[in-house]
Peer 1: 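I have a structure I would like to understand better, so I am pasting it below and will then ask my questions one at a time.
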Amino acid sequence: MRERWGTLRDEQEKAFVARALLTSFGMEPEPAMAAIEQAGDLQRVLRDERGEPAASALVIWAGQFFGGRSVPMCGVRAVAVPPERRGTGVATELMVALLREAHDRGTPLSTLYAATQSLYRRVGYEQAGHRNRVTLDPARLKARAVPGTRVRPADLAKDHDAIVACQHAMACNMPGNLDRDAYLWSIIRNPRMARTDTLVVEDDRSVIRGVLTSRLERPAYPGRGFALVVSDFAASTEQGARGVLAALAGFGSVLSEIRLNCGPTHPILLLLEEQKYRIDHEEHWMTRIVRFKDAIEARGYPGGLSVRFGVRITDPLFDENNGDWTIEVENTRAACTRGGDPDAELDIGAMASVYTGFASPAQLAMVGRARGDASALERLGAIFSGATPSMVDFF
């Protein structure tokens with residue numbers, strides 16, 4: 001498997017990936033090759049028994065925040081199988097190889113956006129968080145310049161570290177948001193399909209407290225004016241968040257609508273004077289627990305919680321995750337040890353939904369994905385309770 005799975009060997013394999021992207025996502029050859037070059041050694045290919053490439057994917061070694069802590073995560077992007085290879089099982093084989101690489105690297109989680117859920121559920125992923133498109137009417141934005149702040153164009157080279165710190169300050173308080181690696185920052189700063197502009201909001205000490213990256217698009221006929229598409233935004237303080245809204249309001253004279261992506265309970269939405277915005281379902285991202293013990297011990301937990309809980313996990317791919325575990329939570333940290341009497345039983349996919357806070361154990365029991373008495377399921381849910389898991393990023 002290791003010889004059949006790995007980074008690209010030569011130009012022929014690059015050409016294979018480019019065609020797979022064309023036939024899977026409609027990506028034209030030039031942007032496809034640019035994306036492959038941008039990915040570098042993150043690009044992976046699965047080869048058949050003859051050593052010929054059969055499928056491809058891109059891996060992202062980043063982090064995902066849960067309970068205020070960054071949990072190492074393998075993001076999966078652009079899983080592509082050319083038409084002549086479809087229906088042969090290579091997509092499942094590719095995902096198994098990818099997950100084994102993540103496991104061998106010691107990465108506790110893997111997260112992706114699914115074009116088809118059935119493939120990823122077969123290898124242990126489950127719905128785990130939200131990403132929605134929020135459409136704002138610019139005429140309803142009453143935000144104005146915030147005293148003590150200044151909005152200016154970003155110098156992406158000079159301001160990079162400060163922008164990262166601003167994004168980190170917001171993301172760490174929002175379950176499911178990403179602790180971005182260099183590749184994720186590169187696709188935000190250098191998108192393939194459109195040129196973006198970035199503004200920063202500084203406080204009176206010239207510290208960046210807010211960031212807004214966006215582009216203008218013509219709406220579909222018979223729309224008028226422009227749509228402002230926000231590809232990234234963050235704020236580390238209330239002042240920064242109000243500054244971001246004021247910057248959005250500043251576009252109002254040329255806009256018909258503002259579109260941004262986030263979870264349904266993003267805190268910046270609380271600053272709007274009225275709930276006169278539309279939330280469209282985009283899709284749920286899916287998560288797979290790759291290393292159960294490490295995942296449990298890496299994330300944070302509610303303060304003041306002191307609990308001991310036994311859980312039985314079934315995982316068809318990784319034997320080390322199978323069996324009975326005891327989770328002990330104290331002072332926002334957890335220890336996870338082998339053995340003990342199980343209070344509840346879940347498959348590895350259902351456990352991912354509980355882990356992120358996306359679904360409660362009681363909800364999962366209703367559809368046959370969790371077992372245990374009502375009191376036990378309630379206690380398990382309390383361990384992983386928190387804000388709605390969501391993501392700004394798409395990959």
Side-chain angles (χ1 to χ4, degrees), residues 25-28 30-40 42 58 60 62 75 77-78 113 131-136 138 141 143 149-171 177-202 208-220 223 225-236 240-241 243-263 266 268 280 282 390-395:
F25 306 111
M27 191 181 297
E28 295 294 332
E30 186 174 341
M33 289 303 294
I36 294 165
E37 294 296 338
Q38 187 177 20
L42 298 177
L58 190 152
I60 301 167
R77 188 181 198 200
Y113 286 95
R131 185 177 186 263
N132 302 97
R133 184 173 69 191
V134 179
T135 303
L136 307 175
L141 281 182
T149 66
R150 179 173 76 107
V151 178
R152 65 168 175 82
D155 180 332
L156 294 180
K158 178 182 176 183
D159 295 331
H160 177 74
D161 289 348
I163 290 172
V164 170
C166 179
Q167 186 271 339
H168 186 279
M170 174 168 272
N177 272 225
L178 296 185
D179 188 4
R180 296 170 180 161
D181 69 341
Y183 173 75
L184 287 169
W185 279 110
S186 78
I187 62 176
I188 290 168
R189 297 291 171 242
N190 302 289
R192 292 192 304 269
M193 305 306 293
R195 186 171 296 181
T196 58
D197 182 73
T198 299
L199 298 172
V200 294
V201 180
E202 290 183 331
I208 291 175
R209 299 300 188 185
V211 59
L212 173 67
T213 299
S214 63
R215 68 181 185 273
L216 289 172
E217 283 187 0
R218 289 279 188 189
F226 289 93
L228 186 73
V229 179
V230 178
S231 54
D232 191 36
F233 69 102
S236 59
V244 168
L245 285 178
L248 288 172
F251 285 91
S253 62
V254 298
L255 298 182
S256 58
E257 63 183 32
I258 297 169
R259 304 175 200 152
L260 53 87
N261 293 287
C262 60
H266 195 286
I268 205 166
D280 299 317
E282 288 270 79
S390 64
M391 225 189 285
V392 172
D393 296 76
F394 182 84
F395 54 85

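Throughout, numbering of the chain's residues begins at 1 and tracks the sequence. Excluded from the calculations below are hydrogen atoms, water molecules and symmetry mates; all remaining heavy atoms, backbone and side chain alike, are included.
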Peer 1: Counting only N and O atoms by type, is there a donor-acceptor contact under 3.5 Å from the side chain of Q167 to the main-chain atoms of A235?
Peer 2: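 Such a contact is absent between Q167 side chain and A235 backbone.
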Peer 1: side-chain contact (heavy atoms from CB on, under 4.5 Å) between T198 and V211: does it pass, once the steps are laid out?
Peer 2: CA-CA 7 Å; T198 299; V211 59; 3.7 Å; yes
Peer 1: Of the non-hydrogen atoms in G263 and S390, which two are nearest, and what is the gap between them?
Peer 2: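 Closest pair (atom of G263, atom of S390, distance): CA-CB, 3.4 Å.
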Peer 1: Knowing that exactly one of N132, L136, L228, V229 qualifies, which makes a side-chain contact (heavy atoms from CB on, under 4.5 Å) with L260?
Peer 2: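 Testing L260 for a side-chain contact (heavy atoms from CB on, under 4.5 Å) against N132, L136, L228, V229 leaves exactly one candidate, L136.
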Peer 1: Shortest non-hydrogen contact from V201 to V244?
Peer 2: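 Nearest heavy atoms, V201 then V244: CG2-N, 3.9 Å.
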Peer 1: For the residue pair R189 and T196, establish whether any side-chain heavy-atom pair is separated by less than 4.5 Å.
Peer 2: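 Counting from C-beta outward, R189 and T196 never come under 4.5 Å.
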Peer 1: Under a 3.5 Å distance rule, please check whether R131 uses its side chain to pair with a backbone N or O of V392 as donor and acceptor.
Peer 2: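 Yes; at least one donor-acceptor contact below 3.5 Å.
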Peer 1: Can you measure from CZ (R150) to CD1 (I208) and round to the nearest 0.5 angstrom?
Peer 2: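 The distance works out to 9.5 Å.
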Peer 1: Are the charged groups of D197 and R215 less than 4.0 angstrom apart, N to O?
Peer 2: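 No, no charged N to carboxylate O under 4.0 Å.
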Peer 1: For the residue pair Y113 and F395, what are the closest heavy atoms and their distance?
Peer 2: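 Closest pair (atom of Y113, atom of F395, distance): CD1-O, 3.6 Å.
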Peer 1: Measure the spacing between CG of L199 and CG of L212 and express it to the nearest 0.5 Å.
Peer 2: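 Spacing of CG (L199) from CG (L212) equals 5.5 Å.
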Peer 1: Please confirm whether the backbone N or O of K158 pairs with a side-chain atom of D155, one donor and one acceptor, at under 3.5 Å?
Peer 2: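 The answer is yes, because a donor-acceptor pair under 3.5 Å joins these two groups.
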Peer 1: Could you tell me how the ring of F233 sits relative to the ring of H266: parallel (under 30°), tilted (30 to 60°) or perpendicular (over 60°)?
Peer 2: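 Answer is tilted, since the angle falls between 30° and 60°.
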Peer 1: Main chain of S214, side chain of D232: is a donor-acceptor contact present, judged purely on distance under 3.5 Å?
Peer 2: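 Answer holds: no.
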Peer 1: Could R218 and F226 be counted as a cation-pi pair, given that NZ or CZ must be under 6.0 Å from the ring centre and within 45° of the axis?
Peer 2: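 Judged by the rule, R218 and F226 form a cation-pi pair.
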Peer 1: With rounding to the nearest 0.5 angstrom, report the OG to CG distance, S186 to L42.
Peer 2: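 Result: 8.5 Å between the selected atoms.
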Peer 1: R77 versus F394: any side-chain heavy-atom pair under 4.5 Å?
Peer 2: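 With C-beta onward as the side chain, the pair stays apart.
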Peer 1: Quick one: pull up CD1 in I60 and CG in L178 and give me the separation to the nearest 0.5 Å.
Peer 2: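 Reported to 0.5 Å precision, the distance equals 8.0 Å.
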Peer 1: Mind checking the CG-CG spacing from L245 to L248? Nearest 0.5 Å is all I need.
Peer 2: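 Reported value, rounded in 0.5 Å steps: 6.0 Å.
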Peer 1: Got a salt bridge between R209 and E202, using NZ or NE/NH1/NH2 to carboxylate O under 4.0 Å?
Peer 2: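 Salt bridge between R209 and E202, a charged N being under 4.0 Å from a carboxylate O: no.
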Peer 1: Which pair of non-hydrogen atoms, one from L58 and one from A39, has the smallest distance, and what is that distance?
Peer 2: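 Minimum heavy-atom separation between L58 and A39: CD1-CB, 3.2 Å.
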Peer 1: If you define the side chain from C-beta out and look only at heavy atoms, does anything of I163 sit under 4.5 Å from V200?
Peer 2: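 When only atoms from C-beta onward are counted, V200 and I163 do touch, with a gap below 4.5 Å.
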Peer 1: The criterion is side-chain hydrogen bond (donor to acceptor under 3.5 Å, both in side chains); which residues satisfy it with S231, sequence neighbours excluded?
Peer 2: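 So S231 forms no side-chain hydrogen bond (donor to acceptor under 3.5 Å, both in side chains) with any residue.
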Peer 1: Please report the shortest heavy-atom distance between S256 and A227, naming the atom on each side.
Peer 2: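 Looking at all heavy atoms of both residues, the closest pair is OG-N, 4.3 Å.
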Peer 1: Quick one: do N177 and H168 satisfy side-chain contact (heavy atoms from CB on, under 4.5 Å)? Show the steps, please.
Peer 2: CA-CA 9 Å; N177 272 225; H168 186 279; over 6 Å; no
Peer 1: Distance from L255 atom CG to L216 atom CG, nearest 0.5 Å?
Peer 2: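 Nearest 0.5 Å value for the CG-CG distance: 6.5 Å.
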Peer 1: Salt bridge between D280 and R259, side-chain N to carboxylate O under 4.0 Å?
Peer 2: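 Not counted as a salt bridge, because no side-chain N and carboxylate O are separated by less than 4.0 Å.
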Peer 1: What's the shortest heavy-atom distance between I268 and A241, and which atoms?
Peer 2: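 So the minimum-distance heavy-atom pair works out to CD1-O, 4.0 Å.
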Peer 1: In terms of ring plane angle, is the pair W185 and H160 parallel, tilted or perpendicular, where the classes change at 30° and 60°?
Peer 2: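 If you compare the ring of W185 with that of H160, the planes turn out perpendicular.
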